[in-house]
Structures are given as C-alpha cells and as structure tokens.
Amino acid sequence: MKFLKSFVVLFSALILMSFSNVALATDFTANTKQPVLTEALNRLEAMNNRKVINVIQGQNSTNRPIKIMFRNLEALGYGTCEAVTAKTTEGNLVILISSNYKTAPVEAVACLIAHESVHHENTKTYEEEVRAWTTEVQTWVAFTNANPSLKVSDSKLVKRLNYLSKLYAKDGNQMTSIASIIANNPAYSSLKRS
C-alpha cells in the first residue's frame, strides 16, 4: 500500500511537471505557421536569446509580432539575399527567408532570424547592418559551442556561417573583417553612415 501511494504521488508530480513545461513553451503562432521556422524560434528561446525573441514577439518599432516566412526572394526582386525584413502596406514587419534554406539546419535558419530581428529599427545604416551580422555570427557561435556537430553540413547557409564565425574568431571576436565585407559589398553601398 505504501508503495502504491508513493507511486501515485510520483506519477502525479510527473504529470504536473509535464503540464507546466507545456505551459512555459512560447506560442509563436502569431509569427509563423511553418514548422521549421517555429522550431528555429524554439531553438533561439532554448538558448535564452531573449532580445531576439522579444523583438520577434512585438517589442519592436511597430509594437506588433513580426511575421516570418519562407519565400522565393529572387522572384520578389531581392536577388541572392539570404533573408530580408520588409514592411507591409499595413505597417507590419515581415521577415522573408530564402526558400532555398527550407532544409537547412534549424539553428542556421535561427541565425538568419536573429540577423533580421535587428532590422526592425529600419535605419538602413552601415552600423545597423554590422549589428545585424554581429547578432547572426554570435548566435551561430553560441549554437556551435553547444553543439559542434552543427558545423558539419553541406548546407550553403552553414558554410557561410562557418566562414563568418572563423573571421569573427580571427579578429578576436570583433567585427573588423566582417565590417570590411559589408563596406565593400555593392549591395550595401547606399547605406548611410551614422
């Protein structure tokens, strides 16, 4: 009888803990309905990247959740961009991620979301772009420090992130080389300098 009572108490505690974990999970349905993107947001949350999550959920220049979706960016006129942040005619922010990355590791996709979250400010400055790339690289470094096997992938996005993180490490966790890439990239030539 004592064993049965102990079992019931333990079982009840496990059920309560499982419900409390579900209750603590963040609902990202206001941001996306695409499972890969939801998982990317969950990974950002699991690594406690509150700044990005808060911006995505509405602590941004619009005070509204940012929608995130995969799109063919080339067909939309964004050339070979990995991702872009745009404002809709209704004034909402949307992050469009290249549909080429639907099968990339979710952590790599999460890095693009982290990058694009910086653009909610929409200042279109060189400094904003450097902050966005910094956020992206630091997010990738955090993911790969926790799970080094993420670096091993044939994904074009992972290869890009690995390259950027090597530059970042070479510069002593500064953005010197990456800032130079941005400054010399014709796609960013129209950016203002603060």
>> Set out, in order, the CA-CA distance, both residues' side-chain angles and the distance that settles salt bridge (charged side-chain N to carboxylate O under 4.0 Å, His left out) for R43 and E39, then state yes or no.
In response: CA-CA 6 Å; R43 300 288 169 91; E39 186 56 33; 2.7 Å; yes

>> Go through it in stages, so that I can follow the logic: the residues are L41 and T26, the test is side-chain contact (heavy atoms from CB on, under 4.5 Å), and I'd like the CA-CA distance, side-chain angles, deciding distance and then a yes or no.
In response: CA-CA 9 Å; L41 291 168; T26 301; over 6 Å; no

> Yes or no on side-chain contact (heavy atoms from CB on, under 4.5 Å) for R50 and E45, after CA distance, side-chain angles and deciding distance?
Replying inline: CA-CA 7 Å; R50 290 306 322 156; E45 184 174 53; 3.4 Å; yes

>> Applying side-chain contact (heavy atoms from CB on, under 4.5 Å) to I53 and I56, what does each step give before you reach the verdict?
In response: CA-CA 5 Å; I53 295 299; I56 295 297; 5.6 Å; no

>> Would V158 and L150 count as a side-chain contact (heavy atoms from CB on, under 4.5 Å) here? Give the steps.
In response: CA-CA 8 Å; V158 168; L150 289 171; over 6 Å; no

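At least one side-chain heavy atom of K170 sits under 4.5 Å from a side-chain heavy atom of S177. With a 4.5 Å cut-off on side-chain heavy atoms, F70 and V36 count as touching.
Remark: the backbone N or O of S149 is paired with a side-chain donor or acceptor of N147 at under 3.5 angstrom. The backbone N or O of Q59 sits nowhere less than 3.5 Å from a side-chain atom of N54 that would complete a donor-acceptor pair. A donor-acceptor pair under 3.5 Å links the side-chain atoms of E128 to the main chain of T123, judged by distance alone. Judged purely by atom type and a 3.5 angstrom limit, N60 has no side-chain atom pairing as donor or acceptor with the backbone of H120. No donor-acceptor pair closer than 3.5 Å links the side chain of E136 to the backbone N or O of C111. One N or O on the side chain of T32 and one on the backbone of I68 form a donor-acceptor pair closer than 3.5 Å. Side-chain N or O atoms of Y126 include one that pairs as donor or acceptor with a backbone N or O of A179 at under 3.5 Å.
Taking 4.0 Å as the cut-off between side-chain N and carboxylate O, R131 and E127 do not count as a salt-bridged pair.
A donor-acceptor pair shorter than 3.5 Å can be found between the side chains of Q138 and Y168. Defined by atom type and a distance below 3.5 Å, a donor-acceptor pair is missing between the side-chain atoms of E82 and S98. When only modelled atom types and interatomic distance are considered, S99 and N72 share no side-chain donor-acceptor pair under 3.5 Å. Under the 3.5 Å distance criterion, with hydrogens and angles disregarded, a donor-acceptor pair is assigned to the side chains of E129 and H115. When only modelled atom types and interatomic distance are considered, E90 and T88 share a side-chain donor-acceptor pair under 3.5 Å. For T38 and N42, the side-chain atoms include no donor-acceptor pair closer than 3.5 Å.
Both tests hold for R160 against W133: distance to the six-membered ring centre under 6.0 Å, angle to the ring axis within 45°.
Closest approach of A83 and E116 over heavy atoms only: O-OE2, 3.1 Å. Closest non-hydrogen pair, R64 versus G91, comes out as NH2-O, 3.2 Å. For the pair V141 and S165, the tightest heavy-atom approach, listed with the atom from each and the gap, is CG2-CB, 3.9 Å.
One distance of note links CG of L161 with NZ of K156; it measures 12.0 Å at 0.5 Å rounding. The structure places CG of L112 at 11.0 Å from OG of S117, a figure rounded to the nearest 0.5 Å. A distance of 7.0 Å separates OG1 in T125 from CG in L191, rounded to the nearest 0.5 Å.
Note on V94 and I66: separate hydrophobic clusters, where clusters join Ile, Leu, Val, Met, Phe, Trp and Tyr whose side-chain heavy atoms are under 4.5 Å apart, directly or indirectly.
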